[in-house]
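Some notes on the structure that comes next.
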Amino acid sequence: MQAAGRYSVAYRDGITARPVPPREGLDQSVPRFRSALPEEGMDADKVIEHIAMDADAGLSQMSSPNYYGYVLGGSHPAGVAADMLVSAWGQNMGSSSETPAITGMERAVCDWSLELLGLPANCGVGIVTGATVANTQGVMAARHALLAKRGWDVEERGLFGAPEVPVLIGDAAHSAPFAALRYVGFGAARATRVEVDAEGRIRPEAFQKALKDCNAPPLVILQAGQINSGAFDPFSELIPAVHDMDGWVHVDGAFGLWLAAVPELKNRLAGVERADSWAVDLHKWLNAPFDAGLCIVRERAPLVASMSARGAYLPGPTEHWEPSDSVIELSRRARGVPSYAILRNLGKSGVREMVLRHCRLAEYLAGEISKISGLKILNKIASNQVSICCSENPNTNAKTMETLAIVQRNGRVYPTHGEWNGHQTIRVSIIGYATQKEHIDLLISEIKAAWNEVRERNDVS
Ligand SMILES: *Cc1c(COP(=O)(O)O)cnc(C)c1O
């Protein structure tokens, strides 16, 4: 354990100086580990040394302030340190009374997150592995409630012969809620995909029309934070119309829901608190180490009814509840503890500062990139996501991809690829706890240098 601690600290101390992407690929890394399991064991100290040494070149520096790929958090060190204790303690979080201290910390994470996000204090909350599972559980809670209202006990009777539940979802939704529809037996292709605008937001007129076509109370899946544009569905316009029909609104807020914690930004998702369930990650914007997220449901009963392995068990809103009644797993690690440490370390003001800083840096980045001739920003900056592409014909897409390839190969910063409104893009997600203006300045100069190289190459040929 001491050796692992030393290697961990050394890795994180040196992370900014390393190239951001892995220095070697699958062909080189995998065989270092994937060989026949020897008959004889190896000393545990040697195992840790082997892992630390042989993994070194095959790691991606996702916790670096210069990492901008996908939408990932940076594993805040306070959370990482707490995660080491979680492993050392070896608590099984299936039962609250067996491990009261963990229960205290995890309930604090639920209470504090609800308060920061501006959601009702008595919501049901499950601490899950991430937004994919949080979306799935939210859809399961909706499935329970919508079918119970129509006299159908879905947990006991299943979906064969059940009344049909209409499902509406925005056409620019993430793949995760579609996966949720697949997992819970609602079917991804059965959902009505509602038309969106250029920022990926559901168009209210199209939405009202789709609602009218529903012949029963629908499940509606909205989005807080589109991965390419960072945009939000117009919640205050859409949600009341669904409730007028007795429907259920679930919000995929994997990263974007955290803007609700920031007074200067929360009007961008006004009305989101009126939904019935929400999926939000802890390992994205809160920068908890992987993996952690929250499934939040306004009424605890449908969450417990759909999660509890104990059958027809429905606790009242204030009654004692077991962690295993709000997530799919029975046995699980004390997954909430790292987030407890991060929230204690940052405080409310630290969380707000971080989210606001990232959103301001996204605006700064977009402004600076727009000044570079031949490059443009494809999205209105709504949060922390920036979609960049080349604007010069011919071969705009090819030039964008060439530019991204150079930036990634140089490895000093690491954005990844996106596709938005028919364009290939360099997509930047500003979400790492350590990312500051100086890092964004490096990102700008790296993109600018790569773009100049691409231009010269194209001029010559
Ligand atoms: C990342 C993301 C997800 C999936 O979350 P995981 O934590 O990777 O399971 C879902 N929706 C959106 C909008 C996301 O950005």
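Remember, it's 1-based here, ligands and their atoms both numbered in the order they're listed. Scope of the values below: all heavy atoms of this structure, side chains included, with no hydrogens, waters or symmetry mates.
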Exercise for the section: Please work out which of H283, Q226, H174 has its closest non-hydrogen atom nearest to atom 7 (O) of ligand 1. Expected result: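 It is H283 that holds the nearest heavy atom.
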For [atom], what's the nearest protein heavy-atom neighbour? Residue, atom name and distance, please.
atom: atom 11 (N) of ligand 1; value: D252 OD2, 2.7 Å
atom: atom 15 (O) of ligand 1; value: K284 NZ, 2.8 Å
atom: atom 4 (C) of ligand 1; value: T132 OG1, 3.6 Å
atom: atom 5 (O) of ligand 1; value: A131 CB, 3.2 Å

Practice task
Kindly confirm or rule out an N or O of Q223 lying under 3.5 angstrom from an N or O of ligand 1.
Solution key: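 No, no N or O pair falls under 3.5 Å.
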Exercise for the section: Could you check whether the rings of Y433 and H76 sit parallel, tilted or perpendicular, using 30° and 60° as the cut-offs? Expected result: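 Ring orientation of Y433 relative to H76: tilted.
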Exercise for the section: May I ask you to decide if the ring planes of H358 and W285 are parallel, tilted or perpendicular, using 30° and 60° as cut-offs? Expected result: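 Geometry flag for W285 against H358: parallel rings.
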Problem - Part of D281 with heavy atoms under 4.0 Å of ligand 1, whether side chain, backbone, both or neither - result: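 For D281, the contact with ligand 1 is made by the side chain alone.
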Practice task
With heavy atoms under 4.0 Å as the rule, classify the contact between D291 and ligand 1 as side chain, backbone, both or neither.
Solution key: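 Near ligand 1, D291 shows nothing, with every heavy atom at 4.0 Å or more.
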Practice task
Salt-bridge test for D83 and R335: reply yes if a basic N is under 4.0 Å from a carboxylate O, no otherwise.
Solution key: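 Salt bridge flag = no for R335 with D83.
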Practice task
Decide, yes or no, whether a salt bridge links R190 with E164 under the criterion of side-chain N to carboxylate O below 4.0 Å.
Solution key: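 Salt bridge between R190 and E164, a charged N being under 4.0 Å from a carboxylate O: yes.
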Handout entry: Whether G225 lies under 4.0 Å from ligand 1, heavy atom
Key =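 G225: in contact with ligand 1 (<4.0 Å).
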Exercise for the section: Would you mind listing which atoms of ligand 1 come within a distance below 4.0 Å of any non-hydrogen atom of I227? Expected result: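 In order of numbering, the contacting atoms are 15 (O).
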Practice task
Considering the heavy atoms of F255, write down every atom of ligand 1 situated less than 4.0 Å from one of them.
Solution key: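 Matching atoms, with element in brackets: 15 (O).
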Problem - pair L72-K284: side-chain heavy atoms closer than 4.5 Å - result: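 No, too far: nothing below the 4.5 Å cut-off.
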Practice task
Could you tell me whether K209 atom NZ has more than 12 heavy atoms of other residues or ligands within 6.0 Å of it?
Solution key: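 Open.
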Handout entry: Q385 versus Y68, side-chain donor and acceptor atoms under 3.5 Å
Key =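 Judged by distance alone, the side chains do not pair up.
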Handout entry: Side chains of S277 and W248, donor plus acceptor under 3.5 Å
Key =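 Note: S277 and W248 side chains meet the donor-acceptor criterion.
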